[in-house]
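Working notes, beginning with the structure itself.
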Amino acid sequence: MKVETPRSIAEAEAVQDELRSLLDLTGPGPLRPARVAGVDVAYDGERLAAAVAVLDGVTLELIEQVTVGGRVAFDYVPGLLAFREVPALVEALGRLSTAPDLVVCDGYGLAHPRRFGLACHLGVLTGLPTIGVGKTAFVGSYPDPAPERGSWTDLTLDGDVVGRVLRTRHGVKPVFVSVGHRVDLDTACRNVLALTPRYRLPETTRVSDRLSRTALAKNVVLD
DNA sequence: GCGACAG
DNA sequence: ATCTTGTCGC
């Protein structure tokens with residue numbers, strides 16, 4: 001599957017508004033996924049490497065991986081990150097031998113200016129259940145969650161609860177969880193906690209991050 | 001108008 | 001994202 005790249009910011013925003021109508025916010029989504037995928041993209045100027053790491057949902061061991069090289073086709077603009085990463089990620093996901101039960105994205109889903117962040121975009125294009133886990137604040141306001149692992153607070157935007165600020169490790173900076181496609185917020189957070197037995201970030205994002213950087217360093221084939 | 005702004 | 005050393009703490 002090839003993904004078209006918008007020529008302007010206005011066009012990109014129009015695409016988001018268009019695709020948003022295809023979003024499935026009907027939960028609950030996978031509570032005990034057998035295969036959980038993490039996706040990430042690493043950059044080096046014009047070059048980029050996208051990686052998909054599929055982990056066993058129970059043991060969190062890596063069971064399949066795919067990396068693809070490419071070139072940047074859309075400059076980074078807050079709110080339009082998906083146009084930078086989605087083409088390569090769709091390509092990488094398409095090369096998996098078996099579809100994952102859940103895809104964990106680096107960034108946001110519904111918690112987005114137009115309610116259509118990277119996780120929503122990737123979900124609609126692939127049809128797979130997706131969630132977004134951001135490392136820093138992007139949109140919305142929130143109270144700080146209690147210091148215990150598992151505690152959380154609502155991430156609110158324009159009067160809507162668009163995600164949760166979730167503490168994955170005691171006393172450590174929380175992560176920002178929001179729904180992507182075909183998964184509800186409760187299920188999304190349960191999965192994030194299952195993926196963080198030791199570190200702040202989900203094992204899926206840790207592994208995919210490492211894979212994408214390694215692929216870049218290996219001078220992957222360019223498109 | 002000015003500042004903020006996932007990765 | 002990426003540029004970048006040492007350093008504090010478990």
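Keep in mind the model is a prediction, meaning the values are calculated, not measured. Chain letters run A, B, ... following the sequence lines, proteins first and then strands; every chain starts at 1.
- The residue A:R213 sits close only to the backbone: its heavy atoms come under 4.0 Å of sugar-phosphate atoms, none of a base.
- For the pair A:K135 and B:dA6, the criterion of a side-chain N or O lying under 4.0 Å from OP1 or OP2 is not met.
- Rounded to whole Å, the distance from CG on A:L110 to C1' on B:dA6 is 14 Å.
- An aromatic stacking contact between A:Y108 and the base of B:dA6 is absent, as defined here by ring centres under 5.5 Å apart and ring planes under 30° from parallel.
- The side chain of A:T136 contributes an N or O atom lying less than 4.0 Å from OP1 or OP2 of B:dG7.
- No more than 12 heavy atoms of other residues, nucleotides or ligands lie within 6.0 Å of CZ in A:R32, so this atom counts as exposed by the packing criterion.
- Following rounding to the nearest Å, A:K173 (NZ) and C:dG9 (P) show an atom-to-atom distance of 19 Å.
- Whole-Å rounding puts the A:D106 CG to C:dA1 P distance at 7 Å.
- In this structure, the nucleotide among B:dG7, B:dA6, C:dT2 sitting nearest to the side chain of A:F138 is B:dA6.
- Between A:Y43 atom OH and C:dT2 atom P there is a gap of 9 Å when expressed in whole angstrom units.
- Counting only heavy atoms from C-beta on, A:H112 has its side chain closest to B:dA6 among C:dA1, B:dA6, B:dG7.
- Using a 4.0 Å heavy-atom cutoff across all strands shown, A:G79 reaches at least one base atom of the nucleic acid.
- Residue A:A111 is classed as having no contact, given no heavy-atom separation below 4.0 Å to the nucleic acid.
- Atom CZ in A:R114 sits about 13 Å away from atom C1' in B:dA6, given to the nearest Å.
- Counting heavy atoms from C-beta on, the side chains of A:F138 and A:F176 never come closer than 4.5 Å.
- Counting to the nearest Å, the C1' atom of C:dA1 and the CZ atom of A:R84 are 7 Å from each other.
- A stacking contact links A:Y76 to B:dG7: the aromatic ring centre lies within less than 5.5 Å of the base's six-membered ring centre, and the planes differ by less than 30°.
- Counting non-hydrogen atoms of neighbouring residues, nucleotides and ligands closer than 6.0 angstrom, the CG atom of A:L31 exceeds 12 such neighbours.
- No hydrogens or angles considered: nothing links the side chains of A:T156 and A:D154 as a donor-acceptor pair under 3.5 Å.
- Per the geometry, CZ belonging to A:R198 stands 15 Å off P belonging to C:dC10, to the nearest Å.
- In this structure, A:E64 pairs ionically with A:R35, as a charged nitrogen and a carboxylate oxygen lie closer than 4.0 Å.
- For the pair A:L201 CG and B:dG7 C1', the computed distance is 13 Å after rounding to whole Å.
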